[in-house]
Amino acid sequence: MIPWLTLAIALPAVGAAVIWALPRVKAPAAADNAAQAGASARADAGSGTATATRSRPAATGGAAAPAETAKRLALGFSVVTLLLVAAMALNFDTSGAGGLQFEEVYPWIPYFGVHFAVGVDGISLVLILMSVVLVPLVVLAAWNEHSDRDDGGRGYFALVLALEAMMIGVFAATDVFLFYVFFEAMLIPVYFMIGRYGRGADSARAAMKFLLYSLAGGLIMLVAVIGVYVVGGTFLWTELTDPGGALAAVDPATARWLFLGFFIAFAIKAPMWPVHTWLPTAAGSSSPGTAVLLVGVLDKVGTYGMLRYCLEMFPAAVSWFVWPVVGLSLVSIVYGAILAIGQSDMMRLVAYTSVSHFGFITLGIFALTQQAQAGAALYMVNHGFATGALFLVVGFLIARRGSSRIEDYGGVQKVAPKLAGVFLVTGLAGLALPGLAPFVSEFLVFVGVYAFNPVPAVIATAGVVLAALYILWMYQRTMTGPTPEGLSGLPDLSGREMWAVAPLVALIIAFGVYPQPMLNVINPAVERTVEAEADTAVAVTDGDAEGDEE
């Protein structure tokens with residue numbers, strides 16, 4: 001049997017190590033630096049990627065050759081990883097009962113019962129596919145983004161590949177301790193991607209805020225992970241979720257506390273109101289490529305964890321938390337949308353839209369109906385593609401103007417029609433326009449939530465109305481109207497930039513028109529989760545009835 005998942009984790013990890021091992025070249029003389037910086041600025045201007053910062057002489061012009069090699073290596077390893085995962089996906093059996101496939105279990109720390117155990121169901125598979133699609137596009141989009149750094153951006157591309165390995169690992173892990181290791185290890189590359197390769201003077205503070213919030217949630221989850229091992233006797237997810245397995249007879253009060261330990265960590269990562277404040281700060285200070293991976297992939301670990309660990313390991317405890325989580329989700333939907341409307345910074349605006357969108361995802365998860373959970377799982381993928389594309393387009397604008405403030409733009413569609421067109425499509429996907437992928441997932445969430453209870457479904461429609469307001473108003477202020485003098489020569493999308501966003505636009509349209517292939521993969525896993533919840537509810541009801549008869 002081919003160890004698909006081990007190879008998928010190892011490939012980008014090896015790529016990151018190879019990039020880090022590239023020789024460091026001593027910086028040339030100042031005159032050479034200046035000459036190289038001028039040539040770089042002229043080349044970037046011709047390709048439509050010039051920035052205000054690149055007019056400065058590079059600190060280490062001699063790093064140019066290793067940096068170019070690093071970019072090519074990062075692109076090569078990420079594309080090979082994509083092809084490997086695509087080949088694995090073609091061998092996935094969608095006719096199964098939603099169980100794990102491509103399982104690998106190897107002893108890791110036998111004394112503590114820890115295994116290197118990986119496997120995927122339909123939900124984790126589509127999230128891994130989303131991750132490996134986004135990474136090479138981020139590499140392309142960030143090709144010249146960090147060329148003014150002292151390492152020419154080499155470290156950034158190594159961090160991207162290291163993060164890719166951890167993202168695949170966290171979605172594939174079927175040992176709770178291994179999941180926790182990947183969950184925490186992801187913080188390291190993201191911390192440096194924000195703090196060292198971020199935007200503005202506050203990037204270090206934003207990175208620290210991200211780290212502190214994530215560590216706080218991770219420490220709470222660590223207590224719950226230890227608790228699971230104490231009461232269950234194993235870290236293996238398959239044994240912990242077995243109906244007659246390790247956690248089946250756990251005390252209900254203990255199960256609720258363990259559920260809460262996992263849920264708090266996932267709510268911070270998601271991010272849900274009121275533990276969401278790190279996201280706008282982190283995304284606003286990140287480079288666009290980092291923001292794509294942060295919001296498009298890392299935040300999905302939170303909602304994925306709710307489905308995989310909270311609901312499936314503690315089905316009897318879920319009923320205690322359904323309505324509190326539904327209430328928090330509704331607040332996230334409305335609160336995030338209102339704050340997005342008031343933003344003057346495009347990066348922060350898109351980040352706040354994600355707070356609202358994640359409210360829809362958590363609402364769908366805890367509605368506990370098949371349509372809602374299928375919509376939530378599909379929403380994770382569609383949001384990753386749509387918001388990832390929107391962050392990239394915003395990044396292209398920032399690279400040209402040197403500013404992320406909405407008031408510095410206007411009339412862009414007159415000078416850069418291709419850029420404005422892609423901005424419009426990705427923006428309309430963000431407001432879930434029919435015919436684009438997010439609409440399908442949002443519609444399924446509404447149908448499932450309405451079947452659960454009409455009241456939260458009606459309240460959640462406010463998010464749809466507000467989404468139209470913040471997206472269309474941003475487009476109007478940046479793309480229409482008179483063109484400021486400073487934007488008169490704004491270049492349109494270059495070929496490299498088109499290659500970075502065109503696949504995402506194609507996926508947004510394709511899955512908006514025909515989402516069934518992805519639903520065929522997701523539905524069996526969702527059915528398994530819903531059936532487990534229903535069986536637990538019946539068992540609890542029967543137990544209560546027997547107690548009443550006695």
Side-chain angles (χ1 to χ4, degrees), residues 194 198-203 205-207 209-210 213 270-296 298-299 330-361 383 386-413 419-420 422-433 438 462-481 484 487:
I194 298 173
R199 302 168 43 250
D202 291 336
S203 59
R205 184 181 66 86
K209 186 174 183 179
F210 160 79
Y213 268 75
M272 289 185 70
W273 182 90
V275 288
H276 68 286
T277 58
W278 64 269
L279 177 63
T281 304
S285 297
S286 298
S287 65
T290 301
V292 170
L293 298 179
L294 179 66
V295 180
L298 263 72
D299 290 354
L330 293 174
V331 173
S332 295
I333 291 170
V334 178
Y335 178 81
I338 291 174
L339 287 187
I341 294 171
Q343 296 303 306
S344 59
D345 183 286
M346 285 187 287
M347 295 289 287
R348 289 180 64 88
L349 189 154
V350 179
Y352 272 115
T353 68
S354 295
V355 173
S356 182
H357 293 151
F358 274 95
F360 283 108
I361 296 173
H383 176 269
T387 303
L390 188 55
F391 266 125
L392 290 182
V393 177
V394 169
F396 296 152
L397 279 172
I398 295 172
R400 286 156 168 74
R401 179 66 165 166
S403 171
S404 60
R405 294 184 61 82
I406 295 174
E407 64 186 19
D408 293 332
Y409 295 88
V412 172
Q413 66 180 13
L419 192 156
V422 174
F423 191 100
L424 179 62
V425 173
T426 55
L428 293 176
L431 61 82
L433 184 76
V464 178
V465 177
L466 293 173
L469 182 57
Y470 59 65
I471 290 294
L472 295 178
W473 194 29
M474 178 174 64
Y475 182 85
Q476 180 187 33
R477 288 181 288 171
T478 55
M479 299 291 134
T480 65
L487 295 178

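These numbers come from a predicted model, not from an experiment.
- Ala351 and Pro280 make their closest contact through CB-CA, 3.9 Å (heavy atoms, listed as atom of the first residue, atom of the second, distance).
- The two atoms that bring Pro438 and Ala429 nearest to each other are CG-O, 3.2 Å, heavy atoms only.
- For the atom pair OH of Tyr213 and CG of Leu279, the computed distance is 11.0 Å after rounding to the nearest 0.5 Å.
- Using cut-offs of 30° and 60° on the angle between ring planes, the pair His383 and Phe358 is perpendicular.
- Nearest heavy-atom pair across His357 and Thr387 is ND1-OG1, 4.5 Å.
- In this structure, the side chain of Arg348 does not engage the main chain of Gln343 through any donor-acceptor pair within 3.5 Å.
- Between the side chain of Ser332 and the backbone N or O of Trp273 there is at least one donor-acceptor pair closer than 3.5 Å.
- The two residues Ser354 and Val295 have their closest heavy-atom pair at OG-CG1, 3.1 Å.
- When all heavy atoms of Pro271 and Trp278 are compared, the pair lying nearest together is CB-NE1, 3.8 Å.
- To the nearest 0.5 Å, the span separating CD on Gln476 from CD1 on Ile471 amounts to 13.5 Å.
- Judged by distance alone, with hydrogens and angles left aside, the side-chain atoms of Tyr409 form a donor-acceptor pair with the main-chain N or O of Leu397 at under 3.5 Å.
- Proximity of Leu431 to Leu469: side-chain heavy atoms (C-beta onward) are nowhere separated by under 4.5 Å.
- In this structure, NE2 on His276 lies 12.5 Å from CG on Asp299, to the nearest 0.5 angstrom.
- Two residues are said to be in side-chain contact when any heavy atoms from C-beta on lie closer than 4.5 Å; Gln413 and Leu424 fail this criterion.
- Side-chain contact between Val464 and Phe360 is present, with heavy atoms from C-beta onward closer than 4.5 Å.
- The distance from the CG atom of Leu466 to the CD1 atom of Ile341 is 4.5 Å, given to the nearest 0.5 Å.
- Heavy atoms only, all atoms of each residue included: Met347 and Pro288 are closest at CE-CA, 4.0 Å.
- In this structure, Thr478 OG1 and Leu349 CG are separated by 10.0 Å, a value rounded to the nearest 0.5 Å.
- For the atom pair OG of Ser286 and CD1 of Ile194, the computed distance is 4.0 Å after rounding to the nearest 0.5 Å.
- For the pair Thr426 (side chain) and Phe423 (backbone), a donor-acceptor distance under 3.5 Å is present.
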